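All residue numbers refer to positions in the sequence shown, counting from 1. Note that this is a predicted model, so its numbers are computed, not measured.
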Amino acid sequence: MTRHDVRHESLGARGEALAEAFLREAGYKIVGRNIRLPPGELDVVAAHGDCLCFIEVKCRRHEPGESFLSSTKQRRMRLLARWYLEKWPWAGFVRFDVIGIEWPPGAAPRVTHIVEAF
């Protein structure tokens, strides 16, 4: 692993921890984080009322993270959600959110939560 990869991983881990705290403060119950399934990994799964939220966390240093959710990533999240729901069924609603975090060096992070992002 290169030095750049370590910094990026650290930023991603800090971003996910910040997103989790943000969600808890907003009344979400964290069901799981970094859930590994055969097709990939879900960043955060959280319950909000009768809704199960599959949440992608994008953390960047210089631009809003939420702007980096490609159509390919959206398809992957839908596939991961199907795998998740086969293993852990949910009787309520399901939605896909994105939390974008812009975290410039030496500055406070800016968190943006997009509910029903797609």
Side-chain angles (χ1 to χ4, degrees):
M1 188 178 306
T2 68
R3 185 177 171 150
H4 175 74
D5 293 334
V6 171
R7 281 196 314 257
H8 178 73
E9 220 172 54
S10 177
L11 179 65
R14 288 185 303 157
E16 287 177 2
L18 178 62
E20 184 177 337
F22 175 88
L23 290 165
R24 285 184 194 282
E25 189 173 308
Y28 288 71
K29 179 182 181 239
I30 305 302
V31 176
R33 190 169 132 196
N34 301 114
I35 299 168
R36 293 184 187 271
L37 298 164
E41 184 176 281
L42 290 164
D43 289 343
V44 178
V45 177
H48 192 235
D50 63 349
C51 190
L52 188 66
C53 308
F54 295 95
I55 303 166
E56 178 70 12
V57 178
K58 292 293 189 180
C59 190
R60 299 286 188 263
R61 291 210 178 274
H62 298 291
E63 57 278 308
E66 67 273 13
S67 63
F68 288 95
L69 195 63
S70 67
S71 59
T72 301
K73 184 62 178 179
Q74 291 176 26
R75 284 192 299 277
R76 172 66 55 101
M77 283 186 69
R78 287 185 183 105
L79 174 64
L80 287 164
R82 282 194 296 274
W83 275 80
Y84 180 95
L85 292 169
E86 284 179 19
K87 190 168 184 167
W88 298 286
W90 179 262
F93 299 99
V94 171
R95 75 175 196 234
F96 297 91
D97 293 3
V98 175
I99 291 185
I101 302 170
E102 184 177 1
W103 204 333
R110 183 182 64 85
V111 178
T112 302
H113 182 191
I114 302 172
V115 176
E116 294 182 36
F118 59 93

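- Considering SG of Cys53 and CG of Leu23, their distance stands at 8.0 Å, rounded to 0.5 Å.
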Inset, instruction - Step by step, work out the side chain to side chain contact (heavy atoms under 4.5 Å, CB included) result for Val98 and Phe54. - result: CA-CA 8 Å; Val98 175; Phe54 295 95; over 6 Å; no

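- For the residue pair Ile101 and Gly15, the shortest heavy atom distance occurs at CD1-O, 3.2 Å.
- With a 4.5 Å cut-off on side-chain heavy atoms, Asp97 and Val44 do not count as touching.
- With contacts defined as side-chain heavy-atom distances shorter than 4.5 Å, the pair Val31/Trp88 does not qualify.
- Annotation: cation-pi geometry satisfied between Arg14 and Trp103 (NZ/CZ under 6.0 angstrom from ring centroid, within 45° of ring axis).
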Legend entry - Test log, rule side chain to side chain contact (heavy atoms under 4.5 Å, CB included), inputs Arg61 and Leu11: CA-CA 8 Å; Arg61 291 210 178 274; Leu11 179 65; 3.7 Å; yes

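- The distance from the CH2 atom of Trp90 to the SG atom of Cys51 is 8.0 Å, given to the nearest 0.5 Å.
- Atom-to-atom distance recorded for Glu25:CD and Glu20:CD is 13.0 Å, nearest 0.5 angstrom.
- Here Leu42 contributes atom CG and Leu80 contributes atom CG; the two are 4.5 Å apart, rounded to the nearest 0.5 Å.
- Expressed to the nearest 0.5 Å, how far OH of Tyr28 lies from CZ of Phe22 amounts to 8.0 Å.
- Screening residues 77-93 for salt bridge (charged side-chain N to carboxylate O under 4.0 Å, His left out), with sequence neighbours left out, gives no hits.
- When the side chains of ILVMFWY residues are joined at heavy-atom separations under 4.5 Å, either directly or via intervening members, Phe93 and Ile55 end up in two distinct hydrophobic clusters.
- With rounding to the nearest 0.5 Å, the separation of NZ in Lys73 from CZ in Phe96 is 11.5 Å.
- Listed here is the closest heavy atom pair of Ala46 and Ile30: CB-CD1, 4.1 Å.
- For the salt bridge (Lys or Arg N to Asp or Glu O under 4.0 Å) test, residues two or more places apart in sequence or in another chain that qualify with Glu16 are Arg33.
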Inset, instruction - Please test Glu102 against Arg60 for side chain to side chain contact (heavy atoms under 4.5 Å, CB included), starting from the C-alpha separation and ending with a verdict. - result: CA-CA 5 Å; Glu102 184 177 1; Arg60 299 286 188 263; 6.0 Å; no

Legend entry - Worked verdict on Arg95 versus Glu116 for salt bridge (charged side-chain N to carboxylate O under 4.0 Å, His left out): CA-CA 6 Å; Arg95 75 175 196 234; Glu116 294 182 36; 5.4 Å; no

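- Residue pairs meeting the side chain to side chain donor-acceptor pair (under 3.5 Å) criterion with at least one member in residues 42-53, sequence neighbours excluded, do not occur.
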